[in-house]
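These notes concern the structure reproduced below.
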Protein chains: 2
Amino acid sequence: MTVTIDDIAREAGVSTATVSYVINNNEKVGPETRKKVLQIIEKRDYHPNSSARNLARKKTEVLGLIVPEVTGVFYADIVQGVEDAAFQNNFTLYLGTTNAKKEREKMMIDHFSGNRVDGLILTTYFINKNYIKELKNRDLDFVFIGNPVKDDSVSTVVVDNFSSGYRAAEHLINLGHKKIAFIKGDPNSWDAEERFAGFKAVMNNYDLEINNDYIKTGNYQQEEGYKAAQELFNLEVKPTAVFASNDQMAMGVYKAAQENNIKIPEQLSVVGFDDIAAASHLNPPLTTVNQPTYRMGQKAVEILIKKIKGQKVPEENIVFETEFIKRNSSQKKSKIF
Amino acid sequence: MTVTIDDIAREAGVSTATVSYVINNNEKVGPETRKKVLQIIEKRDYHPNSSARNLARKKTEVLGLIVPEVTGVFYADIVQGVEDAAFQNNFTLYLGTTNAKKEREKMMIDHFSGNRVDGLILTTYFINKNYIKELKNRDLDFVFIGNPVKDDSVSTVVVDNFSSGYRAAEHLINLGHKKIAFIKGDPNSWDAEERFAGFKAVMNNYDLEINNDYIKTGNYQQEEGYKAAQELFNLEVKPTAVFASNDQMAMGVYKAAQENNIKIPEQLSVVGFDDIAAASHLNPPLTTVNQPTYRMGQKAVEILIKKIKGQKVPEENIVFETEFIKRNSSQKKSKIF
DNA sequence: GTGAAAGCGCTAACAG
DNA sequence: CTGTTAGCGCTTTCAC
């Protein structure tokens with residue numbers, strides 16, 4: 001038998017309204033009434049039924065978060081940032097994982113509709129403008145982390161993947177490298193595409209040729225980085241540097257290099273992206289780009305909660321700075337090799 | 001204006017009961033009635049209010065998961081396992097993070113009471129028997145991952161930390177090491193204590209002395225492993241092997257070793273625990289113990305859902321096997337050093 | 001096969 | 001300061 005507000009009211013000899021008031025810290029309840037009620041609540045270990053409460057209030061105080069997966073450092077940090085911020089604002093978190101599957105992504109979002117959450121934070125691959133339009137008609141606030149679609153009518157918190165990619169590749173160029181390979185990420189991932197665009201842009205600006213043999217595609221997994229590197233190493237004219245669009249794949253490059261007896265950074269410079277925890281512990285430590293994922297998660301919550309609270313905030317596009325981190329996996333192009 | 005079941009009913013010219021039936025796939029609705037209703041639901045983009053539904057049904061079809069944090073590989077994998085399994089069973093996931101803070105842990109659990117979830121999966125540090133007793137009086141099923149308390153009256157899915165610690169240390173002993181250091185985990189973490197107990201047990205069985213100077217305590221963070229190792233390396237008689245109770249701290253040991261020009265594994269064998277993704281990419285690859293965290297998460301959901309469905313399952317204590325993974329960070333004790 | 005209506009447990013006017 | 005009461009939106013029994 002679960003205990004309800006009626007039980008408490010009866011036992012305390014007050015009305016349910018009064019009990020409700022004390023639960024909700026309504027000032028107008030007299031001190032002793034409050035005390036008595038509190039006491040009985042405690043004694044009966046009463047916990048208000050949140051469905052009933054949500055129904056009556058028309059809000060849930062829960063945030064939904066949709067991510068492809070949670071085991072990669074990148075998303076794990078976002079989740080942590082979101083969770084902490086949500087907690088601090090007295091919101092709880094629904095977590096939905098899409099496995100980067102288009103259909104599951106849509107299911108997840110639909111699932112969160114229907115007053116299950118007050119707002120939604122989305123890190124998605126497949127969402128399109130049409131779907132966003134549909135979303136807007138729902139009684140639901142939302143903000144994106146990362147911008148799968150260019151759309152000024154939605155709030156996003158992002159990182160400038162283009163510039164970050166540009167800068168990281170420029171580092172390689174400044175080191176004297178000309179034969180630079182690029183390992184792209186999942187074809188569906190817009191962020192990898194942006195990094196690639198940045199790469200192409202610098203190459204072009206420095207009048208460097210983009211050799212198609214040097215452009216490989218992985219799915220952000222280490223294994224794919226490994227395969228891509230193997231192919232690269234089988235080329236007649238090998239690249240002297242490789243830019244992997246995430247650290248996982250860079251780790252794969254390390255492995256392939258080791259197997260082929262190619263020394264990093266002496267014979268091959270490599271730069272990654274993300275600055276995962278392991279990056280600084282690799283041998284040699286990996287030059288990479290750090291994204292403030294935790295803070296991005298926090299920021300998304302901040303914006304979302306403002307919206308939920310009804311503050312008329314303009315749709316904003318927050319761009320966080322990345323940090324280029326020079327470590328030892330990249331060095332001046334050797335004249336020997 | 002959110003659209004409700006009444007709107008649909010009116011527009012379809014049927015009663016709300018009928019709409020409810022079709023939403024819930026109740027067989028008895030006639031094919032054309034169903035079709036018409038479905039059509040209007042689609043057209044209006046109607047999503048049933050889940051609070052109302054939960055209130056009426058007295059269940060939520062959501063699972064709560066409480067973890068200390070989500071950025072470590074260990075918990076991230078659990079989260080992923082739980083999320084996937086929940087999704088497959090048409091449950092969604094509430095995620096709560098405790099930061100390994102006692103008070104927040106309790107808040108989180110209390111928060112989930114009150115019909116917010118149908119069941120709870122707990123990975124906690126501080127829970128005690130009293131609190132469990134209290135939990136049992138709530139209308140809530142739960143299962144633990146890891147067993148902070150020895151209590152046969154609750155379901156748990158665990159790993160045998162004692163034996164795993166025993167075995168890993170035994171590996172070192174078999175390699176000829178006698179001066180073996182141990183870096184304990186967070187004092188609050190029962191699992192680290194169990195690993196330590198296993199360590200002490202082998203040492204004792206092999207008549208090896210446990211030197212207090214060789215026993216350090218960290219908080220599972222890499223930084224603490226680093227500090228502990230520094231202290232170890234400052235000892236007059238240095239250990240020839242160190243067993244870090246998780247991989248993060250082992251990574252700290254690597255760093256300290258490097259700074260002190262101590263070669264792993266030639267001068268120092270090290271073994272970790274957890275087999276995080278980076279473990280195999282360290283230089284040298286880390287000997288460690290793998291825990292099937294993802295599967296543990298899945299299993300917990302499986303048990304929990306059985307309970308929720310009212311199947312009278314006995315409280316079970318599922319013990320998963322760990323896998324000892326020999327890599328290159330440990331080797332025969334050198335006669336030179 | 002369909003509908004009327006009584007809840008589910010709580011909130012929040014409104015009245016006193 | 002406290003109580004009465006009408007919802008919140010959906011499910012489900014029972015009757016037709």
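Chain letters run A, B, ... following the sequence lines, proteins first, then strands; residues in each count from 1.
Of the options N24(B), L38(B), V14(B), I40(B), a side chain to side chain contact (heavy atoms under 4.5 Å, CB included) to V19(B) is made by V14(B) and by none of the others.
The pair R138(B)-E134(B) meets the salt-bridge criterion, with a side-chain N (NZ, NE, NH1 or NH2) lying under 4.0 Å from an Asp/Glu carboxylate O.
Closest approach of E69(A) to Y75(A), counting heavy atoms only: O-CB, 3.0 Å.
Along DNA chain C, the nucleotide closest to Y21(B) and the one closest to D6(A) are compared, and the more 5′ of them pairs with Y21(B). When each of L55(B) and T18(B) is assigned the nucleotide of DNA chain C bearing its nearest heavy atom, the one mapping closer to the 5' terminus is T18(B). Heavy-atom distances to DNA chain D give each of P48(B) and T33(A) a nearest nucleotide, and the one nearer the 5′ end belongs to T33(A).
Whole-Å rounding puts the R57(A) CZ to dG7(D) P distance at 20 Å. Between H47(B) atom NE2 and dC10(D) atom P there is a gap of 12 Å when expressed in whole angstrom units. Between the CG atom of D139(B) and the P atom of dC8(C) there is a distance of 15 Å, given to the nearest Å. A straight line from CD1 of I5(B) to C1' of dT2(C) spans 14 Å, rounded to a whole angstrom. We find that CZ of R53(A) is positioned 21 Å from P of dC10(D), with the value rounded to whole Å. Distance CD1 (I8(A)) to C1' (dT11(C)): 17 Å, rounded to an integer number of Å. The distance between atom CD1 of I41(A) and atom C1' of dC10(C), rounded to the nearest whole Å, is 13 Å. Rounded to an integer number of Å, the gap from NZ of K59(B) to P of dT11(D) is 11 Å.
Of the listed nucleotides (dT11(D), dG9(C), dT4(D)), dG9(C) has the atom at the smallest distance from the side chain of A52(A). Residue K28(B) has its side chain nearest to dC14(D) when only dC14(D), dT11(D), dG9(C) are considered. When the nucleotides dC10(C), dT12(D), dA12(C) are ranked by their closest atom to the side chain of A56(A), dC10(C) comes out on top.
At dA12(C), none of the side-chain N or O atoms of K58(A) fall inside 4.0 Å of OP1 or OP2 (strictly under the cut-off). Side-chain nitrogen and oxygen atoms of N54(A) include none within less than 4.0 Å of the OP1 or OP2 phosphate oxygen of dC8(D). Not one side-chain nitrogen or oxygen of N49(B) sits closer than 4.0 Å to the OP1 or OP2 atom of dC8(D). Here S51(A) does not reach the OP1 or OP2 of dC10(C): none of its side-chain N or O atoms lies under 4.0 Å away. Regarding contacts with the backbone of dG9(C), every side-chain N or O of T4(A) stays at 4.0 angstrom or more from both OP1 and OP2.
Between the side chains of D186(B) and Y125(B), no donor-acceptor pair is found at a separation under 3.5 Å.
Among the protein residues, V19(A) comes within range of no part of the nucleic acid, since none of its heavy atoms lies under 4.0 Å from any strand.
Between Y94(A) and Y94(B), the ring-plane angle classifies as parallel under the 30° and 60° cut-offs.
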